[in-house]
Amino acid sequence: MRPRRRTVVPLVVVLLAPTAAACSTGPSLEKQGAVTASPGDSRNLTIGSAGFTESDLLAQMYALLLGRAGYRTRILSVTNRELYEPALESGQIDVVPEYAATFADWLNAKAAGADAGTVGSPDLAATMKALRELAAKRGLDVLDPGRAVDQNAYAVTAAYARKHRLRTLTDLGRAKLPVRLAAGDECVQRAYCAPGLKKTYGIRLTGIDPKGLGTTPSKRAVQNGQDQMLVTTTTDGTLAQFGLVILADDKRLQNADHIVPVVNRSRAGGVRVRNALDQLNTVLTTEDLTSLNEQVDSWRRLPQDVAKNYLRSKELIPAG
């Protein structure tokens, strides 16, 4: 699992400002109202966000698309999966943007225990099959995955890549360069991190600098040459600020963390919700999502404005 999604933090519920499609902000989980329409197609939908930039952006886009389809929407920001997933099962939250492999592994661990093996893999079809089977047992439907993928990724400085002619992790392994990696503590044991870099790519790791996943200290450590590479994500919108570039995972070490909407089947499992959200799958790419993250994280624009402008540019919602 990706450490960013597994981090346990204090349970905090924050109400976001209403979207253009919303009439009011969402209530707390304890005060969420009863079902207001027939099962499967409730007219009032609460969309969950996990509280970080990308999740906020996706929630805003979901709200706008569903609003365009005739639903009244509100966004509820809940800072970790331990809280929002049970709320999704109970119908207190109706729709959440998720990550296929990570969510599959999380549901599997919830069902079989913390020591359960992983069911997510680099194979998207196999990952989706496992995810949908696990989700169905909890009254959840997993809609089709989009083109955008937010996986762990490995970045070096652009100057380092040019000097050693590196474009992929395979290139780095072949170069036999000593590499100190800025990462989270869990990298030492996670199959997709240090063990995988050594086994799959033959990369010569000389140590792990425990500065966290994609943090500013990690980026600065690579930028100033203290470390040679860091663990980040494929949709990190701030890499260019630090002169960093991602080396391609050409042997598919990382799991298929395609973005997928997950819905409460009894409240939002109808075809109209599916059709509304499927529109995003036809346009949103990993590159697009990286750019949207950058606009919020680097340019300090509001997620609701960035989301609205993007959907307008793709003609998924009307201008004005």
Side-chain angles (χ1 to χ4, degrees), residues 1-8 52 99-102 104-106 109 114-123 127 149-257 286 290 293:
M1 290 188 186
R2 304 169 62 203
R4 182 174 71 180
R5 312 297 174 200
R6 288 300 303 272
T7 301
V8 178
F52 56 92
Y99 300 84
T102 295
D105 285 345
W106 195 88
D115 295 329
T118 60
V119 294
S121 75
D123 185 325
T127 296
V149 186
D150 186 356
Q151 300 167 307
N152 287 324
Y154 297 88
V156 298
T157 65
Y160 183 84
R162 285 194 301 270
K163 178 179 179 180
H164 300 289
R165 298 182 180 181
L166 307 176
R167 297 181 62 188
T168 68
L169 291 172
T170 292
D171 293 339
L172 182 58
R174 287 174 180 164
K176 302 300 180 185
L177 297 165
V179 174
R180 190 166 187 252
L181 180 67
D185 293 335
E186 69 286 330
C187 181
V188 174
Q189 297 180 331
R190 299 289 187 185
Y192 60 76
C193 203
L197 292 173
K198 294 175 183 177
K199 181 178 179 180
T200 302
Y201 289 107
I203 292 172
R204 184 183 161 199
L205 291 181
T206 60
I208 304 295
D209 187 2
K211 284 185 164 58
L213 173 72
T215 62
T216 296
S218 289
K219 292 168 185 172
R220 286 177 176 159
V222 174
Q223 182 184 44
N224 64 29
Q226 177 184 341
D227 300 328
Q228 286 71 51
M229 186 165 69
L230 76 145
V231 187
T232 183
T233 62
T234 51
T235 60
D236 189 328
T238 65
L239 293 178
Q241 292 179 230
F242 297 88
L244 303 173
V245 295
I246 289 174
L247 297 181
D249 178 21
D250 52 314
K251 292 183 179 178
R252 299 175 68 201
L253 174 62
Q254 303 304 313
N255 286 342
D257 259 328
T286 303
T290 303
N293 285 333

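For reference, positions follow the sequence shown, starting with 1.
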Got a donor-acceptor contact below 3.5 angstrom from the [X] side chain to the [Y] backbone?
X	Y	result
Asn255	Asp257	no
Ser218	Gly214	no
Thr234	Ala153	no
Thr286	Val149	yes

Which residues satisfy the salt bridge (Lys or Arg N to Asp or Glu O under 4.0 Å) test with Asp171, sequence neighbours excluded?
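With neighbours one apart ignored, the set is empty.
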
Hey, does [Y] have a side-chain heavy atom less than 4.5 Å from the side chain of [X]?
X	Y	answer
Val119	Asp105	yes
Leu177	Leu172	yes
Tyr99	Asp150	yes
Thr235	Thr290	yes
Gln226	Lys211	yes

Which residue is it: Val231, Asp227, Val188? I am looking for the one with a side chain to side chain contact (heavy atoms under 4.5 Å, CB included) to Leu181.
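When Val231, Asp227, Val188 are each tested with Leu181, the side chain to side chain contact (heavy atoms under 4.5 Å, CB included) holds only for Val231.
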
State which residue, out of Asp209, Leu169, Thr157, fulfils the side chain to side chain contact (heavy atoms under 4.5 Å, CB included) condition with Met229.
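Option passing the side chain to side chain contact (heavy atoms under 4.5 Å, CB included) with Met229: Leu169.
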
Using a cut-off of 6.0 Å, state whether more than 12 heavy atoms not belonging to Lys251 lie near its atom NZ.
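Yes, because the 6.0 Å sphere around NZ of Lys251 holds more than 12 heavy atoms from other groups.
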
When you look at CZ of Arg180, are more than 12 heavy atoms from neighbouring residues, nucleotides or ligands closer to it than 6.0 Å?
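For Arg180, atom CZ is crowded (more than 12 foreign heavy atoms under 6.0 Å).
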
Give me the atom names and distance for the closest heavy-atom approach of [X] to [Y].
X	Y	result
Thr206	Pro178	CG2-CB, 3.7 Å
Ala155	Leu239	CB-CD2, 4.4 Å
Ala175	Leu166	CB-CD2, 4.4 Å
Asp185	Pro210	OD1-CB, 3.0 Å

I'd like to check the side chain to side chain contact (heavy atoms under 4.5 Å, CB included) partners of Val245; sequence neighbours left out, ordered by chain and number.
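Partners of Val245 under the side chain to side chain contact (heavy atoms under 4.5 Å, CB included) test: Val156, Ala158, Ala161.
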
Would Thr233 and Gln254 count as a side chain to side chain contact (heavy atoms under 4.5 Å, CB included) if you check the C-alpha gap in whole Å, the side-chain angles of each, and the deciding distance to 0.1 Å?
CA-CA 11 Å; Thr233 62; Gln254 303 304 313; over 6 Å; no

Determine, step by step, whether Leu230 and Leu244 satisfy the side chain to side chain contact (heavy atoms under 4.5 Å, CB included) criterion, reporting the C-alpha distance in whole Å, the side-chain angles of both residues, the deciding distance to 0.1 Å, and the verdict.
CA-CA 10 Å; Leu230 76 145; Leu244 303 173; 3.8 Å; yes

Please round to the nearest 0.5 Å and tell me the distance separating atom [atom1] of [X] and atom [atom2] of [Y].
X	Y	atom1	atom2	answer
Asp236	Asn293	CG	CG	8.0 Å
Asp249	Gln151	CG	CD	6.5 Å
Leu213	Asn152	CG	CG	5.5 Å
Leu197	Leu247	CG	CG	10.0 Å

Could you walk me through whether Tyr160 and Val179 pass the side chain to side chain contact (heavy atoms under 4.5 Å, CB included) check?
CA-CA 11 Å; Tyr160 183 84; Val179 174; 4.2 Å; yes

Check step by step if side chain to side chain contact (heavy atoms under 4.5 Å, CB included) holds for Thr170 and Tyr201.
CA-CA 6 Å; Thr170 292; Tyr201 289 107; 3.4 Å; yes

